[in-house]
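In what follows, a single structure is set out as structure tokens and then discussed.
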Amino acid sequence: MKLEFYNSLTRKKEEFTPLKKGVVGIYVCGPTVYGHAHLGHAKSYVSFDIVVRYLRYLGYGVTYIQNITDVGHLTDDADEGEDKLVVAAKKEKKHPMALAEIYTRSYFEDMDMLGCVRPDISPRASGHIIEQIELVKTLLEKGYAYEANGSVYFDVSKFKDYGKLSGRNVEEMLAGVRVAVSPDKKASVDFALWKKAEPNHIMQWSSPWGMGYPGWHLECSVMSMKYLGETIDIHGGGIENKFPHHECEIAQSEAANGVQFVRYWLHNNMVTVDGQKMGKSLNNFINLKQAFSGVHEKLTRGYDPLAVRQLILNSHYRSPLDFSDAALFAAQSGYEKITSTVIAVRENAKSAPEGEVSKEAAKELEQLKEKFEAAMNDDLNTAVALSVIFELVRFANGLLEDSGTTAGVFNAVDDLFSSLGGDVLGVVKDEYIEVGGASDELIDGLVKGFIKQRNEARSNKDFARADAIRDELDGIGIVLEDKPEGTVWRRK
RNA sequence: GGCGGCGUGGCCAAGUGGACUAAGGCGACGGUUUGCAAAACCGUUAUUCAUGGGUUCGAAUCCCAUCGCCGCCUCCA
């Protein structure tokens with residue numbers, strides 16, 4: 001089976017073929033950096049991280065572009081309202097660009113924690129004002145836009161395909177207008193390409209139409225065009241951006257270039273928290289730093305970033321995902337199960353008897369790999385792909401109990417964990433340095449001292465003392481496990 | 001009000017006309033193992049897929065109605 005994506009544009013699953021053989025250009029709408037990234041960002045960017053990782057796994061050369069929106073958009077569409085970056089900047093008493101810098105760094109930090117590969121280019125909207133002005137000029141020259149009172153608007157009536165992505169009908173939209181129409185616009189559906197700035201507006205640039213700033217949809221058109229060309233293979237983003245944002249991107253880009261803008265539109269669904277929409281006023285707004293640290297009244301503990309990632313992968317990217325403390329807890333347990341098995345496999349690979357992979361093991365691993373790829377090829381069904389990883393865990397644990405398992409088998413199992421669980425899903429790490437690593441030498445020495453004392457107590461049948469030592473260590477987050485080959489410790 | 005989507009075991013979630021008497025994870029319970037645990041392994045845990053009708057030889061999957069939730073129609077991943 002070939003790789004298929006559900007294309008929002010055609011509303012069906014389609015086999016994926018890139019425009020140019022072997023290479024893929026993908027553009028994903030990035031964050032507006034006026035606050036820390038939250039669970040919704042995590043779902044979106046982990047989802048597209050999987051797209052990039054899987055395409056690379058399949059051997060494509062992928063160019064991954066994800067913008068950073070550091071020019072705030074208006075807080076409403078009635079030509080009123082304030083730039084939301086500016087609003088946040090005032091509140092924190094910082095220059096908007098300083099604020100953008102703070103939250104851009106915070107964003108990358110959180111995405112690194114979640115194991116998302118960095119985009120090849122993270123273009124800033126503020127760094128592409130010239131290109132944006134050029135696009136507006138082109139649209140004016142071609143008659144798709146008009147200037148009014150220092151602002152420039154896109155004339156939707158000139159672009160026949162408007163509405164093709166979101167399934168909206170321009171006449172119906174005109175009939176059902178709820179927002180007050182700006183006096184400068186010819187029609188309520190027209191959208192701003194360039195906005196005139198009031199003198200006190202902090203972020204403004206000079207243009208042929210006077211001082212102003214770019215409209216909200218322009219940057220994505222401009223930056224995808226600049227780095228990926230006029231027609232790009234994949235454009236990703238949140239489903240809430242289908243309209244108006246992506247619809248407007250199509251209009252601007254296709255009007256300017258006269259060619260198809262995006263071949264495959266991929267949209268991820270939203271998150272809820274405890275079954276409710278996540279909102280600042282609902283007190284269920286959880287950002288990633290809170291999820292990782294557990295400092296939030298909805299959370300009973302902090303969660304491993306990769307456990308958060310695993311929870312996201314446990315459902316389909318086009319399905320809504322409900323975050324709750326219980327769901328995170330379950331994901332954490334499952335993540336730890338995978339982790340401990342991978343570590344055990346790698347340790348055993350070093351001490352196991354020499355030997356090649358057995359035919360039976362090789363066959364089993366091949367079947368798991370095929371099942372995994374079939375799931376991923378079906379519009380990235382990570383939930384099923386993850387279940388294959390759990391099948392591999394069970395298979396591996398069976399091998400671990402068999403003292404006859406050879407190093408060759410363990411290495412083959414590790415290879416599959418590393419490629420499917422690591423390279424593709426990103427929930428298996430290359431190295432686990434938390435336990436027994438150089439940074440842990442002191443702790444390791446101390447814990448081993450306690451283990452020695454406890455085992456002396458055990459051999460003297462002084463189980464009360466033995467259990468007391470174990471409980472004491474458990475209280476500070478260290479778990480002891482008595483294995484046939486001796487007692488080992490790990491962090492909780 | 002208009003448009004789109006969803007509702008599967010105690011919880012999360014895949015499956016979207018016949019191989020479903022419904023994956024996988026978490027939790028719970030029983031067993032193996034253990035001094036007892038932990039971890040691991042084995043087994044049990046939905047005759048049923050929001051509710052009520054209908055189509056079909058056959059429906060979780062299609063249609064209609066009802067209830068609930070989510071998204072878009074104003075920036076938002």
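Residue numbers start from 1 in every chain, and the chains themselves are labelled A, B, ... in the order their sequence lines are given, proteins ahead of strands. Source: prediction; values computed, not measured.
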Review item, side-chain donor-acceptor pairs of residues 306-315 of chain A, under 3.5 Å, at least two apart:
from: A:R309; atom 1: NE; to: A:L425; atom 2: O; distance (Å): 2.7
from: A:R309; atom 1: NE; to: A:G426; atom 2: O; distance (Å): 3.4
from: A:R309; atom 1: NH1; to: A:D49; atom 2: OD2; distance (Å): 3.0
from: A:R309; atom 1: NH1; to: A:L114; atom 2: O; distance (Å): 2.9
from: A:R309; atom 1: NH1; to: A:G115; atom 2: O; distance (Å): 3.3
from: A:R309; atom 1: NH2; to: A:D49; atom 2: OD2; distance (Å): 2.7
from: A:R309; atom 1: NH2; to: A:L425; atom 2: O; distance (Å): 2.9

Determine, for A:D444 against A:K448, whether the closest basic-nitrogen to carboxylate-oxygen distance falls under 4.0 angstrom.
yes

For atom C1', what is the distance between B:C20 and B:C29, given to the nearest Å?
26 Å

May I ask you to verify if any side-chain N or O of A:S166 is less than 4.0 angstrom from the OP1 or OP2 atom of B:G4?
no

A:S224 meets the side chain to side chain donor-acceptor pair (under 3.5 Å) criterion, sequence neighbours left out, with none

Does A:D414 pair with A:R346 as a salt bridge, N-O distance under 4.0 Å?
yes

Should A:R454 and A:D482 count as an ion pair when the cut-off is N to O under 4.0 Å?
yes

Between residues 6-13 of chain A and RNA chain B, which residues have a heavy-atom gap below 4.0 Å?
none

Can you tell me if the side-chain N/O atoms of A:N241 get under 4.0 Å from OP1 or OP2 in B:C76?
yes

Atom-pair distance (CE on A:M270; C1' on B:C6), nearest Å
14 Å

Can you check the distance between B:U74 and B:A59, where both ends of the measurement are the P atom (answer in whole Å)?
43 Å

Report the residue (A:P320 or A:R168) whose heavy-atom-nearest nucleotide on RNA chain B is the more 5′ of the two.
A:P320

Under 4.0 Å, counting only non-hydrogen atoms across every strand here, what does A:H316 touch: a base, just sugar-phosphate, or nothing?
sugar-phosphate

Which atom pairs link the protein and nucleotides 22-26 of chain B when you take only N or O atoms and keep those under 3.5 Å?
from: B:G24; atom 1: N2; to: A:N314; atom 2: OD1; distance (Å): 3.2
from: B:G24; atom 1: N2; to: A:N314; atom 2: ND2; distance (Å): 3.3

Taking atom types as modelled and ignoring hydrogens, do the side chains of A:T272 and A:D322 form a donor-acceptor contact shorter than 3.5 angstrom?
yes

Assuming nearest nucleotide by heavy-atom distance, tell me which of A:N381 and A:F395 is located more 5' along RNA chain B.
A:N381

Write out all pairs satisfying side chain to side chain donor-acceptor pair (under 3.5 Å) with one or both partners inside residues 387-396 of chain A, taking only residues at least two apart or from two chains.
A:K371-A:E391

Using the P atom in both, what is the distance from B:U55 to B:A60, to the nearest Å?
16 Å

Going by the rule salt bridge (Lys or Arg N to Asp or Glu O under 4.0 Å), which residues pair with A:K452 if we only count those two or more places apart in sequence or in a different chain?
none

Starting at CD of A:E401 and ending at P of B:U34, how long is that distance when rounded to a whole Å?
12 Å

Residues within residues 457-471 of chain A bordering RNA chain B, heavy-atom distance below 4.0 Å
A:R458, A:F463, A:D467, A:R470

Does atom CZ of A:F329 have more than 12 heavy-atom neighbours, drawn from other residues, nucleotides or ligands, at distances under 6.0 Å?
no

Can you check the A:H246 NE2 to B:C72 P distance for me, whole Å?
13 Å

Measuring from A:E4:CD to A:K12:NZ, what's the distance to the nearest 0.5 Å?
11.5 Å

Do any pairs count as a salt bridge (Lys or Arg N to Asp or Glu O under 4.0 Å) and have a residue in residues 109-123 of chain A, sequence neighbours left out, and if so which ones?
A:R56-A:D120, A:E109-A:K289, A:D110-A:K289, A:D112-A:R118

Intermediate values then yes/no, side chain to side chain donor-acceptor pair (under 3.5 Å), A:H246 and A:H267
CA-CA 10 Å; A:H246 295 153; A:H267 288 100; 2.8 Å; yes

Work out how far the P atom of B:A13 is from that of B:C6, and round it to whole angstrom.
14 Å

Tell me: CZ of A:F191 to C1' of B:C73, nearest whole Å?
16 Å

Taking only Watson-Crick and G-U wobble pairs with both distances under 3.5 Å, what dot-bracket line describes RNA chain B, where [ ] shows pairs that cross earlier ones and | shows pairs with another strand?
((((((((.[[[..)..(.....]]]((((((.......))))))....[[[[[..)....]]]]])))))))....

Once you round it to whole Å, what is the distance between P of B:A40 and CD1 of A:I343?
13 Å

Just how far, in rounded Å, is C1' of B:C41 from CG of A:L392?
16 Å

Interface residues of residues 44-52 of chain A with RNA chain B (non-hydrogen, below 4.0 angstrom):
A:S44, A:Y45

Would you find a donor on one side and an acceptor on the other, under 3.5 Å apart, between the side chain of A:Y264 and the backbone of A:E15?
yes

Value in whole Å for how far the C1' atom of B:C73 lies from OH of A:Y162:
11 Å

Got a sec: does the CZ of A:F450 have more than 12 other heavy atoms crowding it under 6.0 Å?
no

Is A:R168 salt-bridged to A:E247, cutoff N-O under 4.0 Å?
no

Between B:G71 and B:C76, how far apart are the two C1' atoms, rounded to whole Å?
12 Å

Where do N or O atoms of nucleotides 28-32 of chain B meet protein N or O atoms at under 3.5 Å, pair by pair?
none

Gap in Å between the two P atoms, one belonging to B:G1 and one to B:C62, rounded
25 Å

Between A:D274 and A:S324, do the side chains contain an N or O donor and an N or O acceptor separated by less than 3.5 Å?
no

Could you tell me how far B:G5 sits from B:A28 if I compare only their P atoms? Round to whole Å.
39 Å

Do side-chain atoms of A:N381 reach the backbone of A:V384 as a donor and acceptor pair under 3.5 angstrom?
yes

Can we say A:K196 and A:D184 salt-bridge, meaning some charged N sits less than 4.0 Å from an Asp/Glu carboxylate O?
no

Rounded distance in Å - CD (A:Q332) to P (B:C12):
19 Å

Using a cut-off of 6.0 Å, state whether more than 12 heavy atoms not belonging to A:E336 lie near its atom CD.
yes

For A:H296, what residues pass the side chain to side chain donor-acceptor pair (under 3.5 Å) criterion, not counting sequence neighbours?
none

Work out how far the C1' atom of B:U56 is from that of B:G18, and round it to whole angstrom.
12 Å

